[in-house]
Each structure stands twice: as C-alpha cells, then as structure tokens.
Amino acid sequence: MSVETPKPLPFIYQFASGAIAGVSEILVMYPLDVVKTRQQLDSTNAYNGTIRCLKKIVKEEGFSRLYKGISAPILMEAPKRATKFAANDEWGKFYRGFFGVPTMTQSLAVLTGATAGATESFVVVPFELVKIKLQDRSSKFNGMGEVLKHIIKTDGVFGLYKGLESTLWRHVMWNAGYFGLIHQVRTLMPKPKTSSEKTLVDLTCGTIGGTFGTVMNTPFDVVKSRIQAGSTRYRWTLPSLLTVAKEEGFTALYKGFIPKVLRLGPGGGILLVVFTTCMDFFRTMKET
C-alpha cells in the first residue's frame, strides 16, 4: 500500500510551517528538556525521576530555572524545525527522482530522514551548545550573550561547533527513526475522511515516530550533552559511549530518557500536526 504524496509547495512555505511548528512545540515542552539535560549531565543520580527532578529544581533554584536558557532554543527552533521539514521534503523529492520512484517508500523515508537530520545538525550545534551551558546546574552564565562571548574568547568562532560529530549522530538517528516510522504507520492506518480524523492520524504517527526516534538517539544525546558541557573526558561519540557504559552501566546511556520521550513523543505529534496544518493552509491559500 502506498501513501499519496501531497502536492509540493515552494521552500518558503515549508520553512514557515516548520518554524511555526517548532516554536509551538518548545513553548509547551521546554521544562522537560531542562530535566533531560540535568539527568544526562548527572553521574551521581541526584536528579533521578522526572517529577523528583522538577520538584528539586523548583525548590532549590526557583520555578524560573525551568525556563532558563529558553532564548537559545527559541531562536534555534525556527531554523531547526524549518530545516528539518524543508530538508526532508527536498531530499525526498531528490531521492524519488534519483531512484525513479514516484511515491515515497519505507527505505526512502529512512534515507531521506537520515539525510535531513545530517543537514539539520549544521544549523543547531551552536544553539545546542549555548543551551546546554545555560541548563547546567553549575552554570554561572546569565544569558546567551555571556555564553557566546566566553566561547569565542576561549575557543574562537569554531568553538561554537563543539559537539558537531555527536550532534550529527543524534540527528541522523532521530530523523531516520521519526520520518521512517511515520511513513510506515501511515500505511497501516485507515485513510482519514475528515479534518479531525486527519489531525488524529498525524498526532498518532508523530507521537509514535517521536518515541521511536528517541529510543534510537538517546545514547548519542547523552554523550553530546557531556561533550558540550565541557568535560575533557568526553571528546568523540563512540569512545564516549563506551566510557559511559563501562563506568556507569549501559542504562546510563538512557539517562534523561523519560523526560526526553515525554517531550519528543507528544512533541513529535504536536510538530507534525502543526506542520501539516500550516502546509494545508498554505496549500489552500495558493489554490484560491
């Protein structure tokens, strides 16, 4: 069974839809990202449990700490999500033409998602680096400006790309799982007949895709956080994975998984619903 490919829109509409979807998701889900980062950087298990971690942060540092550093991801989310969906659409068209396939297949969906993830990585690394340094419990920085000045002064402009290799791994794995599974789940679900049914299908596919992508990429996200936090013990992805597993056990590679999946599972659904709604709106506007 094949999925009907929607009529493609120019890049500007994909960019705008991705930007709106990304900002919508982060405004709702950001505190879970703070919890995820704290757990990933913690080797003493002081932040075990999502609810316990939330309460601990609020009690010891104040409620506003749950949103510290949000300016970086807000600025990042528009180009990040726009790049994610636009790159996925553009690479999808490229691969369909290259392989002579009229509609998207499961294998092409995985290949397209992985390539889009690699493309997206080059956009997000500086923002991710700033965000991690602000979310760290020991952070003495008050805002993006201070972090940027410190990084450039200490490591130069290229220091803004610390953790690029681990970020590539993280995004390739997540996007391959997310877009690949979305395609597969859609082929198994009945074709929606109403707008409400379409929204439900998008939410279901996005949530399942986001959850699966999170399972695949969490170990890479753990070492990315540690590399970007500044620890000299973690430099490259694969050796860092082995170090964490050896010293803290295999389960340590999934630190922060619960808040991450709570964010990126439903968050993936929110992303897909808002993105497809915006694309349908722009498509309707162009046809009228």
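Index from 1, following the sequence.
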Undergrad: For a salt bridge (charged side-chain N to carboxylate O under 4.0 Å, His left out) check, start with the C-alpha distance between Arg283 and Asp280, then their side-chain angles and the critical distance, and finish with the verdict.
TA: CA-CA 5 Å; Arg283 198 171 283 113; Asp280 288 343; 3.1 Å; yes
Undergrad: Side-chain contact test, heavy atoms from C-beta onward, threshold under 4.5 Å: evaluate it for Lys133 versus Ile151 and give yes or no.
TA: yes
Undergrad: Salt bridge between Glu61 and Arg137, side-chain N to carboxylate O under 4.0 Å?
TA: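 A salt bridge is present here (some side-chain N lies under 4.0 Å from a carboxylate O).
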Undergrad: Any side-chain to backbone donor/acceptor pair from Gln228 onto Lys162? Under 3.5 Å, distance only.
TA: yes
Undergrad: CD1 of Ile227 to OG1 of Thr167: how many Å apart, nearest 0.5 Å?
TA: 8.0 Å
Undergrad: Hey, any chance Leu160 and Phe158 share a hydrophobic cluster, counting ILVMFWY side chains that come within less than 4.5 Å of each other, even indirectly?
TA: no
Undergrad: Shared ILVMFWY cluster between Val223 and Val261, side chains joined below 4.5 angstrom?
TA: yes
Undergrad: Report the distance from atom CD of Gln135 to atom OG of Ser225, rounding to the nearest 0.5 Å.
TA: 8.0 Å
Undergrad: Would you call the rings of Phe94 and Trp91 parallel, tilted or perpendicular if under 30° counts as parallel and over 60° as perpendicular?
TA: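 The rings of Phe94 and Trp91 stand perpendicular, inter-plane angle above 60°.
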Undergrad: Please answer whether the main-chain N or O of Lys255 pairs with a side-chain N or O of Gln39 as donor and acceptor at a distance below 3.5 Å.
TA: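 Judged by distance alone, no pair lies under 3.5 Å.
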Undergrad: Before accepting this row, confirm whether a basic side-chain N of the pair Lys36/Asp33 lies closer than 4.0 Å to the acidic partner's carboxylate O.
TA: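 Judged by the 4.0 Å cut-off on N to carboxylate O distance, Lys36 and Asp33 do form a salt bridge.
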Undergrad: Report yes or no: do Tyr234 and Ser166 form a side-chain donor-acceptor pair below 3.5 Å?
TA: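 There is no such pair (donor and acceptor under 3.5 Å, judged by atom type) between the side chains of Tyr234 and Ser166.
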Undergrad: Any side-chain heavy-atom pair from Tyr47 and Val35 closer than 4.5 angstrom?
TA: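 No, their side chains stay 4.5 Å or more apart.
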Undergrad: Taking 4.0 angstrom as the limit, do Glu146 and Lys149 come out as a salt bridge?
TA: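 The answer is no: the pair does not qualify as a salt bridge.
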Undergrad: Of the non-hydrogen atoms in Ala72 and Val130, which two are nearest, and what is the gap between them?
TA: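 Of all heavy-atom pairs spanning Ala72 and Val130, the closest is CB-CG1, 4.0 Å.
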Undergrad: Assess whether side chain to side chain contact (heavy atoms under 4.5 Å, CB included) is satisfied between Leu129 and Tyr161, documenting all intermediate values.
TA: CA-CA 8 Å; Leu129 181 60; Tyr161 276 83; over 6 Å; no
Undergrad: Between Ile132 and Lys224, does the side chain to side chain contact (heavy atoms under 4.5 Å, CB included) criterion hold? Intermediate values first, please.
TA: CA-CA 10 Å; Ile132 292 295; Lys224 181 202 75 72; 3.9 Å; yes
Undergrad: With a 4.5 Å cut-off on side-chain heavy-atom distances among I, L, V, M, F, W and Y, is there a chain of contacts connecting Leu66 to Leu41?
TA: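 Different hydrophobic clusters.
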Undergrad: Side chain of Arg65, backbone of Val58: donor and acceptor closer than 3.5 Å?
TA: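 Absent.
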Undergrad: Quick one: pull up OG1 in Thr37 and CG in Leu32 and give me the separation to the nearest 0.5 Å.
TA: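 So the OG1 of Thr37 and the CG of Leu32 are separated by 11.0 Å.
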Undergrad: Are Leu238 and Leu241 side-chain neighbours, meaning at least one heavy-atom pair lies under 4.5 Å?
TA: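 Leu238 vs Leu241: side chains touch.
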Undergrad: Which atoms form the tightest heavy-atom contact between Ala114 and Val172, and what is the distance?
TA: O-CG2, 3.6 Å
Undergrad: Going from OH on Tyr95 to CG on Leu108, what distance comes out if it is rounded to the nearest 0.5 angstrom?
TA: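 Going from the OH atom of Tyr95 to the CG atom of Leu108 covers 9.0 Å.
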Undergrad: Determine the minimum heavy-atom distance between Pro126 and Val123, stating which atoms define it.
TA: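 It is CD-O, 3.8 Å.
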Undergrad: Could you check whether the rings of Tyr67 and Phe63 sit parallel, tilted or perpendicular, using 30° and 60° as the cut-offs?
TA: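 Tilted.
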Undergrad: Do Phe257 and Val215 have side-chain heavy atoms sitting under 4.5 Å apart?
TA: yes
Undergrad: Which heavy-atom pair separates Val274 from Ala21 by the least distance, and what is that distance?
TA: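 Shortest heavy-atom separation between Val274 and Ala21 comes out as CG1-CA, 3.5 Å.
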Undergrad: Tell me the closest heavy-atom pair linking Met189 and Cys205, and the distance in Å.
TA: SD-SG, 3.9 Å
Undergrad: Run the numbers on Thr119 and Glu90 for side chain to side chain contact (heavy atoms under 4.5 Å, CB included), then give the verdict.
TA: CA-CA 11 Å; Thr119 305; Glu90 292 301 317; over 6 Å; no
Undergrad: Nearest heavy-atom pair of Gly209 and Ile182: which atoms, and what distance?
TA: CA-CG1, 4.4 Å
Undergrad: Hey, any chance Leu200 and Val273 share a hydrophobic cluster, counting ILVMFWY side chains that come within less than 4.5 Å of each other, even indirectly?
TA: no
Undergrad: Would you call the rings of His150 and Phe141 parallel, tilted or perpendicular if under 30° counts as parallel and over 60° as perpendicular?
TA: tilted
Undergrad: Can you name the one residue among Asn217, Asp221, Thr218 that meets side chain to side chain donor-acceptor pair (under 3.5 Å) with Arg170?
TA: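 Among Asn217, Asp221, Thr218, the one that satisfies the side chain to side chain donor-acceptor pair (under 3.5 Å) with Arg170 is Asp221.
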Undergrad: Under a single-linkage definition using a 4.5 Å side-chain heavy-atom cutoff for Ile, Leu, Val, Met, Phe, Trp and Tyr, are Leu253 and Trp236 assigned to the same hydrophobic cluster?
TA: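 Different clusters: Leu253 never reaches Trp236 through Ile, Leu, Val, Met, Phe, Trp or Tyr contacts under 4.5 Å.
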Undergrad: Measure the CZ-CG distance between Arg38 and Leu54 for me, rounded to the nearest 0.5 Å.
TA: 10.5 Å
Undergrad: Would you call Glu248 and Arg226 a salt bridge, using N to O less than 4.0 angstrom?
TA: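 Looking at Arg226 together with Glu248, the answer is yes, because their closest N to O distance falls below 4.0 Å.
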Undergrad: Walk me through it: do Leu111 and Phe99 pass the test side chain to side chain contact (heavy atoms under 4.5 Å, CB included)?
TA: CA-CA 12 Å; Leu111 177 61; Phe99 291 107; 4.1 Å; yes
Undergrad: Within this structure, what is the CE-CZ distance for the pair Met144 and Phe127, rounded to the nearest 0.5 Å?
TA: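 Here the rounded value is 6.5 Å.
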